[in-house]
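Okay, structure first, notes after.
Note that these values count all heavy atoms, side chains included, but never hydrogens, waters or copies made by symmetry. In what follows, every chain begins at residue 1, and chains take the letters A, B, ... in the order their sequences are listed.
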Protein chains: 2
Amino acid sequence: MPERFSIQPLYLQLRDALAERIASGEWKSGDIIPNEVDLARELGVSQGTVRRSLDLLESEHVVTRRQGRGTFVNDPDSQAYRFNNFRLANGAAAPTDASTLDIVMAEASDSECARLQLITGDQVYRISRIRSHLGRAFMIEGASLPAALFPQLVERALQSHRLVEIAQAYSLLLGNAEERILIGTCSPLAAEALNLAQGRPVLILDRVIKTRNGRPAEWRRAECVLNGMHYKAHFG
Amino acid sequence: MPERFSIQPLYLQLRDALAERIASGEWKSGDIIPNEVDLARELGVSQGTVRRSLDLLESEHVVTRRQGRGTFVNDPDSQAYRFNNFRLANGAAAPTDASTLDIVMAEASDSECARLQLITGDQVYRISRIRSHLGRAFMIEGASLPAALFPQLVERALQSHRLVEIAQAYSLLLGNAEERILIGTCSPLAAEALNLAQGRPVLILDRVIKTRNGRPAEWRRAECVLNGMHYKAHFG
DNA sequence: AAGTGGTCTAGACCACTCA
DNA sequence: GAGTGGTCTAGACCACTTG
């Protein structure tokens, strides 16, 4: 019989336990995890409860289940896909390249504290990146990441500073994102980086991505021009 | 024993049957629908299967379930909330008013055919609306609705021409929406209606809302200025 | 106390994939 | 044919709401 360690339903505890085993690297991207019957026996719960927690993890984009084959841990690339919402005129996802301009560590500003749920004195990494599509730069972004979540980020000298790659390197599972979309005129920085005329209107994307546990992992402010693409949102 | 009328799983057939009973008006907005045990007995399936279909309907925003109380049919207002994504600086939903400028019926254009999945010769209603916030007009929208879905729309002289109200009047349940967000300069029409300077940058919102069955119900093109609000999107 | 949805179990059978 | 996830059942018990 399973013990109840908390007031949470078993299937939620189970979901978190399984997510933790994925985050910790016990099961890696692309791996097949044990089948429902084995997991149920190992964990001392019924198969139906295991199923329920796996279904939840699938809805959270952590795993993918395929009838007749098994339950697979999702790739970081499939995660990245969720957060790239630039689309071509035909609706297909626009392939984009990102490159890092700069990384520094600093004390969190007031707005960083507010958006990343930090307290005054906490440290953040500030990353500036530039994204291009078909070789043409169209977006410049400034991202702030809590240093507590990504210790020694600069020292580790990762290949890429896309959040998806960073999260992978730190064994962190990403959750939802909320974005504020505004319209503005380009900053001097953006004008230079993207080769825009002074005062050119830009789309401002202000987004917070949280971890699966609900902890803010990245606050990004971006300015972009669309160059024939559009930005896709989905409601429902 | 339930008969299987199709290859679809029982819980999906059941979900559609229950949705149909709501759409038809048998259960109205705000009503409590029968409890799981009664539904299961009536429909000749197990309680677990009824539960599964009701959980699905809840995830589709058709009903709301409350432990200890019952399962309630959602209001059109709660539906409208899903499709209003203008937010104030503090993140709260911005209350907006909509008023109709004009309605006409016409033969669907090529782009209307494409976006609404119609064929040449089909009829559409074209509605132009203007939205204001705190008494100030900030968005002008042109909506196209398939006439086949909303017969005699003009003749019925509804109070409001917000899609949510129209759908309610026609016993139609709304599903998901997909929106394309672009940046542009205001059209002469928008400049006049919203009192904007020529060439003022605007946010262009191009959205298709589908019914619960996946049939396109409205294609809307809007131009707006934000006046301190922002447009909210959610990913995950 | 009665009634509702929420959790959990145990087990049967089906549909799909692959060796 | 063996192994996987997907569907469906029947029933026990829990948690919450209301009279």
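The nearest whole Å value for the distance from the CZ atom in A:Phe72 to the P atom in D:dT4 is 11 Å. Regarding B:Leu14, its CG atom lies at a distance of 17 Å from the C1' atom of D:dG6, rounded to whole Å. Between A:Gln8 atom CD and C:dC8 atom P the separation is 10 Å, expressed in whole Å. B:Leu10 places its CG atom 14 Å from the C1' atom of C:dC13, with the value rounded to the nearest Å. One atom, CZ of B:Arg15, and another, P of D:dC8, lie 12 Å apart when rounded to the nearest Å. Atom CD in B:Gln67 sits roughly 7 Å away from atom P in C:dT7 (whole-Å rounding). Following rounding to the nearest Å, A:Leu12 (CG) and D:dA15 (P) show an atom-to-atom distance of 15 Å. As rounded to whole Å, 15 Å separates atom C1' of C:dT17 from atom CZ of A:Arg65.
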For residues 89-100 of chain A, please give each side-chain donor-acceptor pair under 3.5 Å, one per line with the distance, not counting sequence neighbours.
from, atom 1, to, atom 2, distance (Å)
A:Asn90, OD1, A:Ala92, N, 2.8
A:Thr100, OG1, A:His161, ND1, 2.9

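Note: B:Phe150 and B:Tyr125 fail the aromatic proximity criterion, with ring centroids not under 6.0 Å apart.
Regarding contacts with the backbone of C:dG5, a side-chain N or O of B:Thr71 is found under 4.0 angstrom from either OP1 or OP2. Put simply, B:Arg69 has no side-chain N or O that comes within less than 4.0 Å of OP1 or OP2 on D:dC16. Taking only side-chain nitrogens and oxygens, B:Tyr11 never comes nearer than 4.0 Å to OP1 or OP2 of D:dC8. Distances shown here put every side-chain N or O of A:Arg66 at or beyond 4.0 Å from the OP1 or OP2 atom of D:dT4.
Rounded to 10 degrees, the angle between the two end axes of the helix from C:dA1-D:dT18 to C:dC18-D:dG1 is 10°, with five pairs used at each end.
Relative to the six-membered ring of B:Phe83, B:Arg162 misses at least one condition, a distance below 6.0 Å or an angle of at most 45° to the axis.
Less than 4.0 Å separates DNA chain C from at least one heavy atom of each of the following residues of residues 16-37 of chain B: B:Asn35, B:Glu36. A heavy atom lying under 4.0 Å from DNA chain D marks the following residues of residues 48-58 of chain A, by number: A:Arg51.
Here B:Arg180 pairs with nothing under the side-chain hydrogen bond (donor to acceptor under 3.5 Å, both in side chains) rule; sequence neighbours left out.
Shown here is B:Glu42, whose CD atom has more than 12 heavy atoms of other residues, nucleotides or ligands within 6.0 Å.
Judged as a ring pair (Phe, Tyr, Trp, His ring centres under 6.0 Å), not a single pair has a partner in residues 56-75 of chain B (not counting sequence neighbours).
At a threshold of 4.5 Å between non-hydrogen side-chain atoms, the residues B:Leu54 and B:Arg65 count as touching.
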